[in-house]
Each structure stands twice: as C-alpha cells, then as structure tokens.
Amino acid sequence: MKLSDLTFTTPYLDLDPIFYHETPPSPLKNPRLVSCNPDAARLLGLSPDTLEAAELVSLLNGRFLPDGARYYAMCYAGHQFGHYVPRLGDGRAINLGKTKGWNLQLKGSGQTLYSRQGDGRAVLRSSIREYLISEAMAGLGIPTSRALAIITSDEPVARERWEKGAIVLRMAPSWIRFGSFEYFFHSNRHAELEKLADFLLNESFPELAHGEEPYVAMFGEIVRRTAELIAQWQSVGFNHGVMNTDNMSSAGITIDYGPFAFMDTFESGYVCNHTDTYGRYSYDSQPGIGLWNLQRLAHALSPLIPQAKLEESLQHYGTWFTAKLMKLLRAKLGLEEPREDDPELFRSLFRILESGRVDMTPFFRILSRFDGERETLLALTLTPDELNVWLDAYEARLADNSGTTAQRHREMLRTNPKYVLKNHILQEAIEKAEEEDFTLVESLLQLARDPYGEHPGFERFARPTPHSLTNLKLSCSS
Ligand code: AMP
Ligand code: MG
C-alpha cells in the first residue's frame, strides 16, 4: 500500500468540541526528508519501498491531507513539576486522526489554540532525538510512541541559538494523557470526564469495556502498565526527564521525549534535565513519581470511581513495579529461578556500579558472556575489589541454574543490549544532520531497531562513554 492509499478515521472529533480545536498546520520553508522508518511504515500497512520522499514531505509538512484525515489539536492540563497548570494541550502537535489503530501526529507543525507563548515549532535537534529514541525504546521492547519520518527545513527557529525547524510524524495507539482527565476534573466538567473515560476504554482497553466495573478495571490496568513501564525504564538506565502528568500516557506507554537520557556511568540520583533543579525527576525518583502521578489521575477520576477502589488499585503499584523489576534484573543476570536473597544481590551490584563509576550497558553486555574470566569486567570499574567480592556471590548464585553456560549466554545477549542511544551518540548524529548529512541518523536507526545485534563498524558506540561526555545535562528547550 502507498501513502496516498491511507484512509483515516477521526473518532476523537466525535467528542464535543471542547476536547479539541481544529487547526491547520503551518508548513515549513523548503522542507526535506531526513529519514523514514520502514518498521513504522509497515505498522501502518505501507510497503516501505513504495514510499516516495516527495509524498512523505508533503504529508509531514501539512500539504497533503490523506483521505478521511482532519487536522486538530487536543486539549489537556497537567501537573508540571508538582504544580497544577489548568490548560496545556497540543501546543505544537497537530493530529491527523487514526489509521490501522495508530493515531498520527505532526510535531512541530505550527501554533495551535494551545500554544500559549510558544512558537509551535520543534527544532531538528530535538526531533532527531525523539525520532531515534522512540525506535530505540521499541527495539528494547519498551512500550512507546513510534515515529514514521522526519523532515528538516530552512525555517529559522529561535532557541538558545537559531536552529532549523523540523517535523516528526509520530504515532501512538492513544495520545490521551493523565492530564487529559485532569483538565475536565479540575474545570468541573464531569460529564465530559465520563465521555473521555469511555473514549479511552474503547481506544486502549476494549477488553474491559463490557466487564462489571469497567472504570475500576481500567484504572487498575493503567496502574499496572505504568508500574511495569517504569520498571522497564529502570532496568535499562533510562531517565525520562519530564514526568509531568501531561507527559504520562493513559495507555501506559512512553511519550513526549524531551531531555531524556540513557545513563552513562551509573548514578542513582542522575538528573538529565538541567532545569530540574531539585532532581524531582531523577532516575531513582521515577518509580515514586509514577505513583504520585497515578494519585493525581486517581483524584481526577474520583467522580467516576469510588475512593476505596482507587486506593485499592494504587496499593498494587509497588507490587507490580517490584515484581516486574525483579524479573527484569533476574533476566539481566541470567538467573533462572527467583530466590529470596535476590534483591540484596541486585542492590549490592548497583551500589558497586555506582561507587565504581561503571557504565551499566557495557557492563551487563560483557557479563552476558561471563565464564569465570573477570579481567574485562574488573577493567570497567574504579573499585575492582568490591566487584570481585560481588562476583564471588554471583558465581555461587549461578550454581542454582540448571541450564548450560551457553544457554545463559544466549539468553543474556538477548536481554542486555549492546547499543543504547546515549546522548553523546545522538549528539554526533545531530551535528552531522545540521550540516545536511543524514547518514548517521540512518545508521543509528538500524542500531535502534536491533540493539542486541552486533553491528560491525559501530562498536565504539557500545563502549563506555568517554569521560568528558558522560551524563551530560540537557536543556528542556526543544
Ligand atoms: P513538554 O514539556 O514539551 O511536554 O510541553 C509542555 C507543554 O508546552 C505542552 O502543552 C506543549 O504542547 C507546549 N509546548 C512546548 N513547546 C512548545 C512550543 N515551542 N510551542 C508551543 N507549545 C509548546
Ligand atoms: Mg508534553
């Protein structure tokens, strides 16, 4: 199927006009294609080889509206850094509607009713980051929005410096946020709140829609998905950076990538966002913030769900989170069956990774081939004596496994990625792309799609991050 054969529906526009604002995109000057993602194309039923650059550019630049699509921005609110903001909304994203179960959105396509003081634009730097990282998360098996393509332009956009305007076509099974519910609750529009709950049930939880207490079941499921999502972030050292409730997906996927980072050397209190002065969204705060955000959602849903039921669901959060994290960490270490003292084995490892300033991605990758030889692992840490003691405990623990060493290696190599797109790697691709060389964006897309593969020629991106480039802080401006 070709791009021009896509047909859309716009179920969101069946809601009252208070939920959205229909608004056309403002095309960029001299747009050109940076990259197109064949995996996302296939998800839409498109054959990647039929896609033409000119058609894609027209679609992204708002010059070609597919059959059935309409341009609209969605309204929402949210708690930003702990403070309630009564009206946010898609300030620089314009939706097209839904096709093949995916809601498509043009990010950076100009001002909307919800832009406040913003220019409605996104710069090439942040668009490349979002484009690549959403595919990298998908490659790691972490629920996320996806991205079909990206265009750059000659449109000057003012940030800390002048940058090029860009647009990403991103797609998600749902763009409803915790903040979408907060908007209707805090403005006392409880009839609309219920309509939104019904919409979300239909969109993301159809299997629960005809049960006994569909709203209760849906909230319970959001709690579970959120807890498990954050456990997945923790297991790969991912710091989202801006976990405001408007950036929390009601479908339990990762959305709204801004100053995110995959950590370099392991630092439990790592904060990637340099505007986050108090470290509200630090790596080790993420699980607690996930719960805090769910409490805000629970409050917003209180007209629809009895308090006791909301609290009961929230109480399961910790259990879901811990169970998932323990499972992931056992897999990272190649342990077959759970044991009571596993949490202590994991805690002590992360303590040592931190004190030894170890880059966790290469560490777990090298550990995936552990056969008793310790030198390569010990070379990664500033505190080899501590790691030696831990490896004694690990070797003893491995004796509980019944499979062979080769089986453990195979499993661990499928669990511990060789490549995560750390900020210094993305930065290299961005600098080249700003000079109109998009080859590294393309190569990183390949690494993102298959982070467990070997990818000869790209080994330097699998090594510990050079010291001068570790754990950079990023600005929120994008
Ligand atoms: P974020 O922290 O990027 O998720 O954005 C928070 C809110 O600000 C959302 O409502 C965005 O749509 C809006 N926003 C961010 N940047 C811009 C911009 N350049 N122009 C208009 N709205 C923006
Ligand atoms: Mg956002």
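Note: hydrogens, waters and symmetry copies are ignored here, and every other heavy atom, side chains too, is used. Numbering of ligands and ligand atoms starts at 1, following listing order. Quick caveat: nothing in here was measured; it's all calculated off a predicted structure.
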Short version for Y114: what comes under 4.0 Å of ligand 1, heavy atoms counted, is neither

If we number the atoms of ligand 1 from 1 as shown, the ones under 4.0 Å from a heavy atom of G120 are 18 (C), 19 (N), 20 (N), 21 (C)

Taken to the nearest 0.5 Å, the spacing of L325 CG from K327 NZ works out to 12.0 Å

Margin query: Does any N or O of ligand 1 fall below 3.5 Å from an N or O anywhere on D90, backbone included?
Written below: no

Can R159 be said to touch ligand 1, with heavy atoms closer than 4.0 Å?
yes

Out of V242, N273, N247, the nearest non-hydrogen contact to atom 1 (P) of ligand 1 is supplied by N247

W102 ring centre to R170 NZ or CZ under 6.0 Å, with the angle to the axis within 45°?
-> no

Consider ligand 1: state whether an atom of it lies below 4.0 angstrom from any non-hydrogen atom of Q80. yes

V236 and I142 have their tightest heavy-atom pair at CG2-CD1, 3.8 Å

Smallest heavy-atom separation, L440 atom then F461 atom, equals CD1-CE1, 4.1 Å

Does the distance from a Lys or Arg side-chain N to an Asp or Glu carboxylate O, for R32 and D154, drop under 4.0 Å? yes

Closest non-hydrogen atoms of G258 and R129, given as atom of the first, atom of the second and distance, are O-NH2, 3.2 Å

*So does D39 pair up with R42, basic N to acidic O under 4.0 Å?*
yes

If we number the atoms of ligand 1 from 1 as shown, the ones under 4.0 Å from a heavy atom of G118 are 18 (C), 20 (N), 21 (C)

Within 4.0 Å of some non-hydrogen atom of Y76, the atoms of ligand 1 are 9 (C), 10 (O)

In ligand 1, the atoms that come under 4.0 Å of a heavy atom of D256 are 4 (O)

Hey, are E135 and R449 close enough for a salt bridge, meaning a charged N less than 4.0 Å from a carboxylate O?
no

Item checked: Note, V85 side chain near D246 side chain (heavy atom, < 4.5 Å) -> no

Ranked by distance from atom 5 (O) of ligand 1, the top protein heavy atom is D246 OD2, 4.6 Å

Of all protein heavy atoms, the one nearest atom 21 (C) of ligand 1 is G91 O, 3.2 Å

For atom 16 (N) of ligand 1, decide whether some protein heavy-atom distance is shorter than 4.0 Å.
yes

Near G89 (heavy-atom distance under 4.0 Å), the atoms of ligand 1 are 9 (C), 10 (O), 11 (C), 12 (O)

heavy-atom search around atom 14 (N) of ligand 1 in the protein gives R92 NE, 4.3 Å

Heavy-atom nearest pair, S134 first then Y257, reads CB-CE1, 3.8 Å

Side-chain ion pair, K164 and E434, N-O less than 4.0 Å: no

Do the ring planes of F238 and H240 sit parallel (below 30°), tilted (30 to 60°) or perpendicular (above 60°)? perpendicular

Note: Q111, heavy atoms under 4.0 Å from ligand 1, region reported as neither

Looking at D256, the N, O or S atom sitting nearest the Mg ion (ligand 2) is OD2

Of all protein heavy atoms, the one nearest atom 8 (O) of ligand 1 is R116 NH2, 2.9 Å

With a cut-off of 2.8 Å, does N247 place any N/O/S atom under that distance from the Mg ion (ligand 2)? yes

Contact region, D119 to ligand 1, non-hydrogen atoms below 4.0 Å, reads both

